[in-house]
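Everything on this sheet refers to the single structure shown next.
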Amino acid sequence: MAYDAGAIEPKWRKIWEERRAFETERDESLPKFYCLEMFPYPSGALHMGHLRNYSIGDLIARFLRMNGYNVVHPIGFDSFGMPAENAAIKMKTHPAEWTLSNIDRAIEQLKSMGCSYDWRRLVKTCLPDYYRWSQWFFLRMYERGLAYRKYAPVNWCETCGTVLANEQVIGDGVCWRCDTPVVKKGLEQWFLRITDYAQELLDCLDGLTGWPERVLAMQRNWIGRSEGVRFNIAIADTDLSIEAFTTRIDTIYGITFVAIAAEHPMANTLAGRSAEAKRDEILDFARRMSSRSAIERTAVGGDKMGLDTGFKAINPVNGKLVPIWIADYILMEYGTGAIMGVPAHDQRDFDFVRKYGLGVIPVVRVAGEPIPDPEKMKSATEADGISCNSDEFDGLPTPEAIRKIAERFEERGWGKRETQYRLRDWLISRQRYWGTPIPMVYCDQCGLVPIPESDLPVELPLDAVVPPNGGNALLGCPDWINTKCPKCGGPARRETDTMDTFICSSWYFFRYLSPGFAEGPFKPEDSKYWMPVDLYIGGIEHACLHLIYARFFTKVLSDLGLASPDLREPFTGLLTQGMVIKDGAKMSKSLGNVVDPDEIIKKYGADTARLFILFASPPDKSLDWSDKGVDGAHRFLGRVFRLVEDNLPALSSASAAKIPMRDIKDPKRRGLKRLIHSTVDRVTRDIRDEKQLNTAVARLMELCNGLSAFSPSDRDGACLFREGVETLLLCLSPFCPHVCEELWEMLGHGDMLAHAKWPAAETEALAADSVTVVLQINGKVREQYSVEPGLSREALAERVMSEESARRRIDGLEVVKVIAVPDKLVNVVVKG
RNA sequence: GCGAGAGUGGUGGAACUGGCAGACACGCAAGACUUAGGAUCUUGUGCCUCCGGCGUAGGGGUUCGACUCCCCUCUCUCGCACCA
């Protein structure tokens, strides 16, 4: 009987299921571990990236379970969103039908991988018993002013027919889902006040020591804190003024112009106060600039466009008049949408004045050098230096100049110091059908009215038909839209926007903890016991999306008193898995380099697929798919299988007792004993401390090789051999659970390996009988000797120098120095 | 431009606080068993001018000793980017 994954794997999956092997309950007496993998979006079948994600997660869950942790390991589906609507149009079906059948298929795939999930905790975000609590959170936030509606220029994706949050505009300003260039539109939309948490989201990053530096850096960058001064600039001959923000208030004397964004309301105001021709010119320019997409705005290669309004601004510090321009490189979304133009010390302003012939006034010089000639400047000098041309502030180094001038501004009431963030409030409304309905109505009498909690969930009408042009199907549901005002009972219309799907994924890991709970989103005691997630595994693409939103949500839940007040962060450990690539590129249909997980599992079995994925590269690096490598992994499992099968008589006859190292005399056996225990030691550390899963597999291969080379010739030998084989199966089981269970059973065990205790390395068996030390001459290796371990520096040097071959090497040379490193080497430094 | 990470055999990748570079595997080569081998087993496998040298992107430095620490340069990947 040869290794047959096709027979073994279904057998064990059935046993695990029947024995409810992976169902866990809260148990205060046990240490807990929350192992979480990012839940999939069920758009068709799972791909290799999923297989990798869930192989890593399942390994960790199984490993910690064997190490005595009470492990919660759930799975679910992020099942609202655009692809379901697109598929509904294409396949002439309903998004719900498409989604739910895909989920069924994905569940089969996950099960075929042998993942140790607690299936009772399954969450599908598109079902009312889940999304009603998203609605409930929304209402809690609305009460607190954390959810609000406002008119703003927002990101619009024409293909998706909806607005997008800032985080969902990626790359060169394209939609994260469909790569369509995003355009700006003025619309009234729902927002969550994530900016209230900007500082805390930033501060807490320092405490996330279990996160990769890369993700922390990306989030810091995304939140984008900067300190500066916000101040007023009066417009000459008017009663108007413009607010500007700068981080370099020390360069205030260098202003040669003021610029505002094309969308700035002041553009209209100034147009209104201009003569007719100028007015049309301004309005036309502003309209042209603001209607361009992000791509158009940046694609010109930095060539800046501007228009002089004809108005003058008054520099608060010296009363100088400078022109006010509208410029396309000023962003309405950042700061105040207006800047002071200091070309000498800002490259963008410099480029702008060079194009339009405005002046340059240097106000910072390099220490020890004269003030540069503005005519000869080739670029702006943005580095710190010494203030000049700045009245009484001349001679101050930049940081001091910033402080002194900022103080002056505050004293005189011209402005105040302020901290700005790049992070924007989270735009959560979507003009889409397949999402969580926003629980609000519009009443002609009462205005905007929240749905009372008792009326939740506001169910998504399932009889809606997604229009072929991709519009919002809810608009075609008058029976659903027209309702009664909860306040006055009069006619009212439901909000037809739905929530961003990232709302669904912002709290699902709480819901897992209290499956089926009907009185709230989750039980506080469940959350208190299980949260935070100890290890979260998923792709890095969510660094500035889901991982920021979920952090925000957790803080809100904590502040609302739903989760413990001390739960400020949802995920203490984060493992960002690398991509799966083949032939040098990410697997994609267009490149035709996709490998289907189903086919691999069918051909080789899940154990082989898992082993290859975990062995081929460290989890956080990209994984190069190799068909040959899969063969190799499969061959290894065949060897493990034969190791047990071919030696079954010896293994069966051996007692389960372990012979301690001190009672083993034969050097070969002592070597095997040491190999067994050093393997346990290394594998445990590789998994637990380093998450170096590939080297853990390598160690197990070495153990297998060592065992294959050993022939158990007597009772003690068989006993040691059995210890080795069982250790191998125990340590390999989180990687390849099915085949290990099968072999464990063949060895006569009645219990499940999944619940077995992880082996402990015997320290006595780790110590080496002898160590190989090398003799170096001037750092070059010349000889090797086997010596007893633990020799002191002196003893080791003496021991090595007494060797015949060592004497010969050194004979006749002038020895300058001898360096000995215990158990490692002796380096003889010679002259000549 | 800013930030993060990487560069080691033909390939994927190892190397703990500086101490035998290339673990483990893939591939390749030779052999064994075979009617057969894309099965299995054994052996070998960094490079060269091979009793000796050279080798961890390139150049310098620190050290008895550097893939590892320091400085400079190059290349690649990822993220952000007229952010005031």
Open item on the list: Can you work out whether A:Met218 or A:Asp631 has the more 5'-proximal nearest nucleotide on RNA chain B?
Closed with: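 On the 5' side of the pair lies A:Asp631.
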- [ ] By nearest nucleotide on RNA chain B, pick out whichever of A:Arg214 and A:Ser226 is the more 5' one.
- [x]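 Final value for this comparison: A:Arg214.
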For nucleotides 10-16 of chain B, give me every protein contact, N/O to N/O, under 3.5 Å, one pair per line with atom names.
unit_1, atom_1, unit_2, atom_2, d
B:rG12, O2', A:Ala616, O, 2.8
B:rG13, O3', A:Asn694, ND2, 3.2
B:rA14, OP1, A:Asn694, ND2, 3.1
B:rC16, N4, A:Lys824, NZ, 3.2

Expressed in whole Å, how much space separates the [atom1] atoms belonging to [N] and [M]?
N: B:rC72; M: B:rG1; atom1: P; value: 16 Å
N: B:rG9; M: B:rU45; atom1: C1'; value: 10 Å
N: B:rG46; M: B:rU11; atom1: C1'; value: 13 Å
N: B:rA81; M: B:rA15; atom1: P; value: 35 Å
N: B:rC67; M: B:rC2; atom1: C1'; value: 29 Å
N: B:rU49; M: B:rU34; atom1: C1'; value: 43 Å
N: B:rC54; M: B:rU43; atom1: P; value: 32 Å
N: B:rC70; M: B:rG19; atom1: P; value: 15 Å

How is [X] classified with respect to the nucleic acid when contacts are heavy atoms under 4.0 Å: base, sugar-phosphate, or nothing?
X: A:Gln347; result: nothing
X: A:Arg225; result: nothing
X: A:Gly224; result: nothing

Options [options], nucleotide nearest the side-chain atoms of [X]:
X: A:Ala217; options: B:rA84, B:rG3, B:rC78; value: B:rG3
X: A:Glu213; options: B:rG53, B:rA4, B:rC26; value: B:rA4
X: A:Ala698; options: B:rC82, B:rC24, B:rC54; value: B:rC24

TODO: With sequence neighbours excluded, tell me which residues meet side chain to side chain donor-acceptor pair (under 3.5 Å) with A:Ser786.
DONE: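 Applying side chain to side chain donor-acceptor pair (under 3.5 Å) to A:Ser786 gives A:Ser770.
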Task: Listed partners of A:Arg230 passing side chain to side chain donor-acceptor pair (under 3.5 Å), at least two apart - done: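 Listed in chain order: A:Glu243, A:Glu418.
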Between the protein and nucleotides 59-69 of chain B, are there any N/O to N/O pairs under 3.5 Å, and if so, what are the atom names and distances?
unit_1, atom_1, unit_2, atom_2, d
B:rC64, OP1, A:Lys817, NZ, 3.4
B:rC64, O2', A:Asn827, ND2, 3.3
B:rC64, O2, A:Asn827, ND2, 2.5

With under 30° as parallel and over 60° as perpendicular, where do the rings of [X] and [Y] fit, or are they tilted in between?
X: A:His634; Y: A:Tyr3; value: tilted
X: A:Trp414; Y: A:Phe409; value: perpendicular
X: A:Phe612; Y: A:Trp625; value: perpendicular

Open item on the list: Could you work out, with ring-ring contact (aromatic ring centres under 6.0 Å, His included) as the rule, every residue matching A:His546, not counting sequence neighbours?
Closed with: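 ring-ring contact (aromatic ring centres under 6.0 Å, His included) list for A:His546, sorted by chain: A:Tyr536, A:His542.
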Expressed in angstrom and rounded to an integer, what is the separation of [X] atom [atom1] from [N] atom [atom2]?
X: A:His542; N: B:rC78; atom1: NE2; atom2: C1'; answer: 16 Å
X: A:Asp627; N: B:rG27; atom1: CG; atom2: P; answer: 11 Å
X: A:His634; N: B:rA25; atom1: NE2; atom2: C1'; answer: 16 Å
X: A:Ile540; N: B:rC80; atom1: CD1; atom2: C1'; answer: 13 Å
X: A:His345; N: B:rG1; atom1: NE2; atom2: P; answer: 21 Å
X: A:Arg220; N: B:rA4; atom1: CZ; atom2: P; answer: 10 Å
X: A:Phe352; N: B:rC83; atom1: CZ; atom2: C1'; answer: 17 Å
X: A:Trp211; N: B:rG5; atom1: CH2; atom2: P; answer: 16 Å

Open item on the list: Does the Lys NZ or Arg CZ of A:Lys304 fall within the cation-pi geometry relative to A:Phe352 - under 6.0 Å from the ring centre and within 45° of the axis?
Closed with: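 Checked: cation-pi criterion not met.
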Please list, chain by chain and in numerical order, all residues satisfying salt bridge (Lys or Arg N to Asp or Glu O under 4.0 Å) with [X], sequence neighbours excluded.
X: A:Asp631; result: none
X: A:Arg674; result: A:Asp769
X: A:Arg642; result: none
X: A:Asp206; result: A:Arg220

Task: base_contact_polar (B:rC24 base, A:Glu702 side chain, donor-acceptor, <3.5 Å) - done: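 Per atom types, no contact qualifies.
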- [ ] Have a look at B:rC50 and give me syn or anti from its glycosidic angle (syn if within 90° of zero).
- [x]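 Syn, angle within 90° of zero.
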Task: Syn or anti for B:rG9 (syn when the glycosidic angle lies within 90° of 0) - done: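 You should classify B:rG9 as syn.
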Open item on the list: On the nucleotide B:rA25, are OP1 or OP2 found under 4.0 Å from the side-chain N or O atoms that A:Asn705 carries?
Closed with: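 For B:rA25, OP1 or OP2 has a side-chain N or O of A:Asn705 closer than 4.0 Å.
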Open item on the list: So, does A:Arg422 get its side chain near the phosphate of B:rA81, meaning an N or O under 4.0 Å from OP1 or OP2?
Closed with: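 For A:Arg422, the contact criterion (side-chain N or O under 4.0 Å from OP1 or OP2 of B:rA81) is met.
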- [ ] Quickly, which of A:Leu693, A:Val580, A:Leu623 forms a side-chain contact (heavy atoms from CB on, under 4.5 Å) with A:Ser617? Name it, please.
- [x]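 For A:Ser617, the side-chain contact (heavy atoms from CB on, under 4.5 Å) check succeeds only for A:Leu623.
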Task: Test of ring centre spacing under 6.0 Å for A:Trp176 and A:Phe502 - done: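 They qualify: ring centres under 6.0 Å apart.
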Task: Nearest-0.5 Å distance, CG of residue A:Leu637 to OG1 of residue A:Thr608 - done: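 It comes to 4.5 Å.
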TODO: Would you please enumerate the stems RNA chain B participates in, each stem being three or more consecutive Watson-Crick or G-U wobble pairs with both distances under 3.5 Å?
DONE: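 Ordered by first number, the stems with RNA chain B (at least 3 consecutive pairs each) read B:1-7 with B:74-80, B:10-12 with B:24-26, B:27-32 with B:40-45, B:46-48 with B:52-54, B:57-61 with B:69-73.
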Task: Salt-bridge contact A:Arg699-A:Glu702 (side-chain N to carboxylate O under 4.0 Å) - done: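 Salt bridge flag = yes for A:Glu702 with A:Arg699.
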Open item on the list: Between A:Arg424 and A:Glu333, does any NZ, NE, NH1 or NH2 come within less than 4.0 Å of an OD or OE carboxylate oxygen?
Closed with: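 Here A:Glu333 does not pair with A:Arg424 in a salt bridge, since their nearest N and O are not under 4.0 Å apart.
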Check residues 704-711 of chain A and write down every donor-acceptor pair under 3.5 Å in which the side-chain atom is one partner and the other belongs to a residue at least two apart or another chain.
unit_1, atom_1, unit_2, atom_2, d
A:Asn705, ND2, A:Met701, O, 3.4
A:Ser708, OG, A:Cys704, O, 2.9

For nucleotides 38-40 of chain B, tabulate all protein N/O to nucleotide N/O atom pairs closer than 3.5 Å, reporting atom names and distance.
unit_1, atom_1, unit_2, atom_2, d
B:rU40, O3', A:Arg642, NH2, 3.0

